[in-house]
Amino acid sequence: MKKLPPIFLLFLAQIVYTQTYVVLDSVQKTPISYATISFGNGNGTFADGDGNFRFSKKWYPDIDSLYISAVGHKEIALSTASLPQKIMLPQNIAELKEVYIIAEKKRKYKTRKLASIVHNDYFKSWLPTVESEIAVFFPKDSDKSTKIASVYLPVKTESSNRNSGKDQSFSTLFKMQFYKNNKGYPDKRLPYEDIIFNVSDKDKSNFELDISEYKVFIPKEGIFISIQVMGYADKNGKLQQTKKYSEIQTRKGTVKVSTTFRPLLPFTDKINTYKTFTRRVFFKNRTWQRFDRKYSQNNNLIKNNNTNYGMGLKLHLYEKD
């Protein structure tokens, strides 16, 4: 009998030991795209665009409960001992009612660009993991109605500075969200649609994301724009359901190490103010922290004053009627 190749055996083992679940709206019975699946210990994963996610005790033997959440829905907690195949998430009527309906008039506008800050230094770059969300503040510098046409995202597609060989290709899904400004900190999420986008090794280092169709306007208090890596995509652009961390055995016991994803995000010391914030998305309180020395005394980016992500914008400033 012909032996099966090891890679096929590994794939077969994943099928046997993992079970696929789907997150649905409890009223409409439709899939909820990219729902957050928290493990209650600071780790977690995401459903894909069709609401599907994989979970098994083989992958996560120490996880007893899942906390499932999504925008416009109430969070629920479920025991991993008896997970239903179809997980119904109740609607949060208060959140669902708060949406922006903006009918744009055909008005003349001027274009203004806020340049991004791009570099290719591995040691000055943030290593993205699914646990962290990064938000950057932009004030409203004009009394004119100001729409965000594009967001410029500095990315570093190479995995390191070493030229030891050709880097493998990749395709990574990100999520972009928008938050109110409350005394200089990200606050309540603005009721705009989540923007899911893809960055690959073929993209330029100054990645331009056109968001003009989403009609995002900057409030008078300013706006926070966040990005969050969700994981690698398959050849069809769907989120891969893979384990997002690994266990490393040390003398002190097992340590969970988060998987880092490409592209890396170049940080900079060329901005005088602290305008970048970060938070852990799988913790229940999800508190935002300014990326400065109070955040960490040991972070190498902070030690070298690379405390801001150099995001840029293309703006449309509309003439008054």
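This is a predicted model, so every value here is computed, not measured. The first residue of the sequence shown is numbered 1, and numbering continues consecutively from there.
Between the side chains of Asn198 and Ser171, at least one donor N or O lies within less than 3.5 Å of an accepting N or O. Under 3.5 Å, the side chains of Arg54 and Gln19 contain no donor-acceptor pair of N or O atoms. For the residue pair Thr129/Glu131, the side-chain donor-acceptor check at 3.5 Å is satisfied.
The shortest non-hydrogen separation linking Phe174 to Met230 is C-CG, 4.3 Å. Shortest non-hydrogen contact noted between Phe282 and Ser38 is CD2-OG, 3.4 Å. In this structure, Gln241 and Asp48 approach most closely via the heavy-atom pair NE2-N, 3.7 Å. Of all heavy-atom pairs spanning Ile76 and Met88, the tightest one is CD1-O, 3.7 Å. Of all heavy-atom pairs between Lys29 and Leu24, the closest is O-CD2, 4.1 Å.
Ring geometry, Tyr318 versus His316: the interplanar angle exceeds 60°, so the pair is classed perpendicular (tilted spans 30 to 60°). Ring geometry for Phe39 versus Phe55: interplanar angle over 60°, hence perpendicular rather than tilted (30 to 60°). Between Tyr245 and Tyr60, the ring-plane angle classifies as tilted under the 30° and 60° cut-offs. Taking the six-membered ring where tryptophan is involved, the planes of Phe170 and Tyr232 are tilted, since the angle between them lies from 30° to 60°.
Ring-centre distance between Tyr274 and Phe137: not below the 6.0 Å cut-off.
Glu158 and Lys156 are joined by a salt bridge, as a carboxylate oxygen and a charged side-chain nitrogen come within less than 4.0 angstrom of each other. With respect to Glu221 and Lys140, no salt bridge is recorded, no charged nitrogen being found less than 4.0 Å from a carboxylate O. With salt bridges taken as basic N to acidic carboxylate O contacts below 4.0 Å, one links Lys238 and Asp50. Salt bridge annotation for Lys294-Asp292: absent, with no cationic side-chain nitrogen under 4.0 angstrom from a carboxylate oxygen. The pair Arg279-Glu133 meets the salt-bridge criterion, since a charged nitrogen lies less than 4.0 angstrom from a carboxylate oxygen.
Under a 3.5 Å cut-off, the side chain of Ser116 and the backbone N or O of Gly312 do not form any donor-acceptor pair.
Annotation: cation-pi pair Lys188/Tyr179 absent, no NZ/CZ under 6.0 Å from the ring centroid and within 45° of its normal.
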